[in-house]
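Just so it is clear, the structure is predicted and the values come from calculations on it, not from any experiment.
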Amino acid sequence: MQKGTIIGLLACASALALSACGESPPPAPPPPAVGVLTLKVESAPLVNELPGRIVAFETAEVRPQISGVIRRRLFQEGGTVRAGQLLYEIDDAPYRAALAQAQGSLARANAAIRSTGLQAQRYKDLVGINAVSRQEYDDADATAQQARADVAAQRGAVQAAQVNQNFTRIRAPISGRISRSLFTPGALVQAGQADALTTIQRTDTVYVDVSQSAAQIIDLKQAMKSGGVSQADGARIQLLLPNGSVYPIEGRLQFSEVTVDPTSGAVTLRATFPNPDGLLLPGMYVRAKLVEGQRTQAILAPQQGISRDARGRATAMVVGEDNKVEIRQVKVDRAVGDKWIVTNGLKPGDKLIVEGLVNLRPGTVVKPGAPQQVTAAQAGAQSGAQPAQGGAN
């Protein structure tokens, strides 16, 4: 009985083996689906983002032009002042006294000019009849001329005294926002002192000084000369504020420096921006987006289709012949929105892979499609695969 059982088992095993050998192998998995975009030649604006600082349109440091003690401050710190507005009063008692003294000297000189003039006229009549000598007449005439010169000098002294007295009332040289006062009433100030009393800045319009490397300027000029880049219609500039928001008003480029800064190798560009709400403050750090030109023959590649290899070189994967994946080393110039301007490595008509790049290798056969179709197909495959996994478990 045992021998028969063993023979039966061997027969069953042989039947099973023969049955297994007769089955066909499992089918090969389908090629992975990838999303591709066909590249084409486009026109793209060349936008350069540069660091910059806000500079007041006009700045005036208020300084005393005479020496004295401040008697009153007549403005509100941080407020707006207009040109000619009275800001400080300096004690004018010494200057009023100097003016009165100069006016007295002028009156004395005017009195002397009359007597010397009459004497010179009499001597002129007498010298004609030889009643006085020629020398006496010359001396009288010189004395009269000196008296007239003294009058002119004293008039100048009176004007100087009046000017000094006017300087005791310090007025705003420009209109704008005034800063805090560095001197209080009772403080002694002097003409030519190093510290300003206060500062006025006009900020209804501001300058933005940005720095651009000389190499970028040379590249742009060479591209324009070769015809690959056209001149932009008006130099438009947009500002990014320190909090990341965009300033709502565009500015205009005014000029660029004619020399390169030897320490940084950069050229300073100056733009003007309207500032009606006072949002732009002098000294503020900003980022300026400058539209430099228009690249007429540009290849724009989505940023998700460009990656970096281990050496940091830019690479892209494209669908080549027989739907096989090829890897390309590319060169990119700058970003335009969510795309890169590719200058080398890709050409019009290339099918750039932008979706399905995970675990993709060169030489792999893929199924290209539109990016949104690939996303939908992957979602459907995942939803269909979940029940099968649950049944296996």
Side-chain angles (χ1 to χ4, degrees), residues 29-50 212-213 215-233 236 238 240 289-382:
V34 295
V36 299
L37 286 178
T38 303
L39 301 179
K40 59 182 180 179
V41 174
E42 302 178 60
S43 179
L46 298 183
V47 180
N48 203 356
E49 187 171 321
L50 305 170
Q212 185 177 24
S213 69
Q216 291 177 331
I217 294 178
I218 293 174
D219 291 342
L220 179 63
K221 290 183 177 179
Q222 289 178 344
M224 288 182 177
K225 187 176 181 180
S226 63
V229 176
S230 61
Q231 183 72 37
D233 295 333
R236 297 178 288 111
Q238 193 175 46
L240 297 178
K289 287 186 174 182
L290 172 62
V291 180
E292 298 178 319
Q294 193 83 7
R295 188 179 291 275
T296 56
Q297 300 289 324
I299 296 178
L300 299 180
Q303 293 184 1
Q304 64 265 33
I306 305 297
S307 58
R308 299 280 176 176
D309 60 13
R311 300 176 60 181
R313 297 173 299 184
T315 60
M317 286 189 175
V318 298
V319 177
E321 295 182 0
D322 300 327
N323 289 338
K324 290 185 179 180
V325 175
E326 298 178 3
I327 189 168
R328 304 268 185 89
Q329 289 187 7
V330 299
K331 291 183 179 179
V332 295
D333 182 11
R334 65 185 73 191
V336 177
D338 60 348
K339 298 181 179 181
W340 288 110
I341 295 180
V342 180
T343 58
N344 192 14
L346 295 175
K347 62 183 183 298
D350 283 343
K351 297 179 180 180
L352 178 67
I353 301 175
V354 295
E355 289 186 4
L357 291 166
V358 180
N359 298 326
L360 204 59
R361 297 289 183 270
T364 304
V365 177
V366 295
K367 180 182 179 181
Q372 58 270 24
Q373 294 175 352
V374 172
T375 303
Q378 290 177 347
Q382 291 176 358

Between V319 and I353, does a side chain to side chain contact (heavy atoms under 4.5 Å, CB included) hold up when you go through it step by step?
CA-CA 7 Å; V319 177; I353 301 175; 3.8 Å; yes
Start with the C-alpha distance between V325 and R361, add both sets of side-chain angles, then the distance that settles side chain to side chain contact (heavy atoms under 4.5 Å, CB included), and finish with yes or no.
CA-CA 7 Å; V325 175; R361 297 289 183 270; over 6 Å; no
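- Among residue pairs with one or both ends in residues 301-318, those qualifying as salt bridge (Lys or Arg N to Asp or Glu O under 4.0 Å) are D309-R313; sequence neighbours excluded.
- For residues 33-47, the pairs satisfying side-chain hydrogen bond (donor to acceptor under 3.5 Å, both in side chains) are S43-Q294, with sequence neighbours left out.
- Between L290 atom CG and Q212 atom CD the span is 6.5 Å, to the nearest 0.5 Å.
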Go through the steps for V342 and L300 under the test side chain to side chain contact (heavy atoms under 4.5 Å, CB included), then give the verdict.
CA-CA 6 Å; V342 180; L300 299 180; over 6 Å; no
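- The shortest non-hydrogen separation linking P32 to L360 is CG-CD1, 4.5 Å.
- The nearest pair of heavy atoms linking Q304 to L357 is O-CD1, 3.5 Å.
- The two residues G363 and K324 come nearest to each other via the heavy atoms O-CG, 4.0 Å.
- Between the NZ atom of K347 and the CD1 atom of I299 there is a distance of 9.0 Å, given to the nearest 0.5 Å.
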Derivation and outcome, side chain to side chain contact (heavy atoms under 4.5 Å, CB included), residues M317 and V34
CA-CA 11 Å; M317 286 189 175; V34 295; over 6 Å; no
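- Scanning both residues, L37 and P302, for their nearest heavy atoms gives CD1-CG, 3.5 Å.
- Atom CG in N344 sits 12.0 Å away from atom CG in D333 (nearest 0.5 Å).
- The two residues V330 and A316 come nearest to each other via the heavy atoms CG1-CB, 4.2 Å.
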